[in-house]
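Below is one structure, written out as structure tokens; the observations come after it.
Just so you know, residue 1 is the first one in the sequence shown, and it goes up from there. Hydrogens, waters and symmetry mates are skipped; everything else that's a heavy atom, side chains included, is used.
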Amino acid sequence: MRHWLLGVCGLAMATVQAVPVLAQEVDPSTVAANREVAGTLPFADRADYERARRGFIATLDDPVIRTVDGRVLGDVTAGKDLKGDAPDTVNPSLWRFMQLSASTGLFKIADGVWQVRGLDMANMEVIAGKTGYILIDPLGTTEITEAAMKLVRKHLGDRPVTGMIYSHNHGDHFMGSAGALDPALAASGQVPVIAPKGFGDYSFAEQIVAGPAMGRRTNYTFGTNVPFGSKGRVIPPYILGTSKVVPPNHIVTQDGERMVIDGVTFEFQLTPDAEANAAMHIFMPASGTLMVADNATPSLHNLLTPRGAPVRDGKAWADDLTETLRRYGSSMQQIVSGHQWPHWGNAECNDFLTLQRDTYKFIHDQSVRMINEGLTPAEISNRLKLPPSLANRWGVRGNYGNVSFNARAVYQRYMGFYDGNPAHLDPMEPEAQAKHYVEALGGADRVLALAAKARSDGDLKWAVELLNNAVFADPADTAARDALAGVYDQMGWRAESYMWRNIYLSGAADLRGEKAANAVDFGSAGGNLGNPFANLSLSQILEVLSYRIDPAKAGDEKLTLALGLKDEDGLQLVTLANDVLVYQPLPEGAAVDGTVRITRSGLAQLLAGKHSAQDLIAAGEMSASGDAGALARLGGYLSMPSGRFNIVTP
């Protein structure tokens, strides 16, 4: 049996009880910086506004999303009333982008092709087959997907889902799939569910292995503890719901593979190692529609996402888009992406993909050139600028990713985190360094005075450097915390990227005492994910547990166990020695201390210390022979992260 996991997009967007951001004043230098943006970029170009409205059919009659028992999850229109010019506390480029992203509803793309946009973070494409609908990327939660399908059926007709395609392995594009299709129909083979090569493995690797840390950082990147408003978060709140996946029953392994689904021909171009490790473009020859996943969206994307992930390959990304232009350049008539609005017409589609390709290739190639000239990541990221022919095009502005972060990602991919300077070979921990730093400058009052001058001069990077050290030297220094929070406000209000804005403002909120009280707790049965093992195979569970062994708890323990899940065939040989957990299929005749079969919920409860082995055996959730307590002891050697660690303080 193949099990599918809860992606980080479902993990990380935990709700928090927000408190109002303090009424900070906008600095004159921030006002000036934002007005410079307004006077520099081509705001007279309104073509994207037409694209974002084109083909609109209808939106939800009731924008409130509820659970099956009537509990309110959120309003898909909340925070999307962004009329007029940008306030002084929002970068005008970002304000424009959020205005364009506010469209919510069902849109016609071409004959037989529609898109649901604005209900969730991602888009869902709907293609008319002979007997039903084929869906591409059925969104991130089942409740949103169900609402999307009600909208589709109301305006396009009540037809079944006869096929489903996942463009790539990021959870906001497939975790709601069971809201549109009964998994049993896919399991039986009645309905094809298609995914690219490596889909399951890369979903696990990117979204579960470092899930707790990614969850905490994702709360920063999406600003979940920052109130919505002109001084706070401008991206609408993400609506949390239920994640339940329909597992794919066909994996595309060959570039150019074609399939006919419910009478519609689809051609797949694999694009590994670009925006996602397992991804593909999807071409529909009958309509000339090309779906390019997240490899080309109307904003610069990330070569390394701030939430954390394996660094992406800018060269491969550009090369994939070159191949797309070669394959479909003469035949594509419209392009749809995983996010934001489409593009229409052959010339416009070619221009859009060329713009995207050239931007990623420029960042990659010029970063490599500067690496070979001996520049460090900080030097490259501060000096690398797009040429005007790219920088003045809206389709690659840094409203999501940006050039600075991507340049550092290229350095990391080729050179790693070390910049070659011996001073950085064995660095001090931040807290110890900060105490020396503040002492050397003459004490906290002197540091705060220098930072106040830097802020007054508009030198916010230097102000942050000073104040960050002051906070790490003495996290109880409220004056330093408030001062740093105030500078983060200004940097957030200037940021063109909504991710950068959210990160700065989240840091400010943390410094003022607001914590993400409901941060993701992947590791325990009592966490807000419920049973953390519900969607994982036994081997995946054991891989996660191997990263949780705490040597201080395990000591010199040696343990050998045959372990199986009650809903899976076979047993795993689990050994613990040298503070290392190793697992493999149980060899015939292997000697073990004990043999255990257990339910998923029982395993979560046992490892979390919620129930004893005897309790679970009595409840029928566990059977054991030999050393029945071995699995419980293993649970005692684990360190289960909560996802509530500090970021802006020690």
[X] and [Y]: which non-hydrogen atoms are nearest, and at how many Å?
| X | Y | result |
| --- | --- | --- |
| Leu538 | Leu563 | CD2-O, 3.4 Å |
| Val648 | Tyr488 | CG1-CE1, 4.3 Å |
| Arg501 | Gly229 | NH2-O, 4.0 Å |
| Ser243 | Gly140 | OG-O, 3.6 Å |
| Asp579 | Pro551 | OD2-CB, 3.6 Å |
| Gln24 | Gly486 | OE1-CA, 4.1 Å |

Taking the side chain as C-beta and beyond, is there a heavy-atom pair between [X] and [Y] under 4.5 Å?
| X | Y | answer |
| --- | --- | --- |
| Ile65 | Asp75 | no |
| Val447 | Asn469 | no |
| Leu561 | Val596 | yes |
| Tyr583 | Thr575 | no |
| Gln356 | Val396 | yes |
| Lys558 | Leu576 | no |
| Thr141 | Ile239 | no |
| Leu581 | Val574 | yes |

When rounded to the nearest 0.5 angstrom, what distance separates [atom1] in [X] from [atom2] in [Y]?
| X | Y | atom1 | atom2 | value |
| --- | --- | --- | --- | --- |
| Leu484 | Leu511 | CG | CG | 5.0 Å |
| Thr359 | Arg397 | OG1 | CZ | 10.5 Å |
| Arg216 | Phe645 | CZ | CZ | 6.5 Å |
| Phe405 | Leu303 | CZ | CG | 10.5 Å |
| Asn399 | His301 | CG | NE2 | 12.5 Å |
| Asn502 | Ile235 | CG | CD1 | 6.5 Å |

Quick one: does [X]'s side chain have a donor or acceptor within less than 3.5 Å of a partner on [Y]'s backbone?
| X | Y | answer |
| --- | --- | --- |
| Glu379 | Thr376 | yes |
| Arg233 | Val226 | yes |
| Asn91 | Ser93 | yes |
| Thr305 | Gly308 | no |
| Thr221 | Pro306 | no |
| Asn219 | Gly215 | yes |
| Asp419 | Asn421 | yes |
| Arg307 | Met214 | no |
| Glu621 | Leu616 | no |
| Thr649 | Asn646 | no |

Is a donor from one side chain sitting under 3.5 angstrom from an acceptor on the other, for [X] and [Y]?
| X | Y | value |
| --- | --- | --- |
| Asn402 | Ser497 | no |
| His173 | Asp294 | yes |
| Asn295 | Thr271 | yes |

State whether [X] and [Y] are salt-bridged, where the test is any N-O pair (Lys NZ or Arg NE/NH1/NH2 against Asp/Glu carboxylate O) under 4.0 Å.
| X | Y | result |
| --- | --- | --- |
| Asp273 | Arg312 | no |
| Arg512 | Asp489 | yes |
| Lys435 | Asp477 | no |

Problem set entry | Intermediate values then yes/no, side-chain hydrogen bond (donor to acceptor under 3.5 Å, both in side chains), Thr297 and Ser299 | CA-CA 5 Å; Thr297 62; Ser299 168; 5.5 Å; no
Exercise. Which class fits the ring pair Tyr360 and Trp317: parallel under 30°, tilted 30 to 60°, perpendicular over 60°?
Worked result: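 The rings of Tyr360 and Trp317 lie parallel, inter-plane angle below 30°.
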For this session: Classify the angle between the aromatic ring planes of Phe97 and Tyr498 as parallel (below 30°), tilted (30 to 60°) or perpendicular (above 60°).
Result: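 Rings of Phe97 and Tyr498: parallel, under 30°.
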Exercise. Do His424 and Tyr418 have ring centroids that are under 6.0 Å from one another?
Worked result: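 Ring centroids of Tyr418 and His424 are no less than 6.0 Å from each other.
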Exercise. Tyr411 and Phe417: aromatic ring centres closer than 6.0 Å?
Worked result: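 No; Phe417 has its ring centre 6.0 Å or more from that of Tyr411.
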Is it the case that over 12 heavy atoms from other parts of the model lie below 6.0 angstrom from the [atom1] atom of [X]?
| X | atom1 | answer |
| --- | --- | --- |
| Lys461 | NZ | no |
| Asp556 | CG | no |
| Asn578 | CG | no |

For this session: Dump the intermediate steps for side-chain hydrogen bond (donor to acceptor under 3.5 Å, both in side chains) on Glu143 and Thr242, then the final yes or no.
Result: CA-CA 7 Å; Glu143 291 86 356; Thr242 304; 2.7 Å; yes
For this session: Take Tyr547 and Glu543, measure what side-chain hydrogen bond (donor to acceptor under 3.5 Å, both in side chains) needs, and give me the verdict at the end.
Result: CA-CA 7 Å; Tyr547 308 142; Glu543 183 172 343; 2.5 Å; yes
Exercise. Should Ser404 and Arg408 be marked as a side-chain hydrogen bond (donor to acceptor under 3.5 Å, both in side chains) after you check the CA-CA gap, both sets of side-chain angles, and the distance that decides it?
Worked result: CA-CA 7 Å; Ser404 170; Arg408 280 174 281 173; 3.0 Å; yes
For this session: For Tyr202 and His170, run ring pair (Phe, Tyr, Trp, His ring centres under 6.0 Å): C-alpha distance rounded to whole Å, both residues' side-chain angles, the deciding distance at 0.1 Å, then the answer.
Result: CA-CA 9 Å; Tyr202 282 118; His170 292 158; over 10 Å; no
For this session: Kindly determine whether Glu568 and Arg600 satisfy salt bridge (charged side-chain N to carboxylate O under 4.0 Å, His left out), including the steps that lead there.
Result: CA-CA 10 Å; Glu568 280 189 16; Arg600 294 170 182 281; 3.3 Å; yes
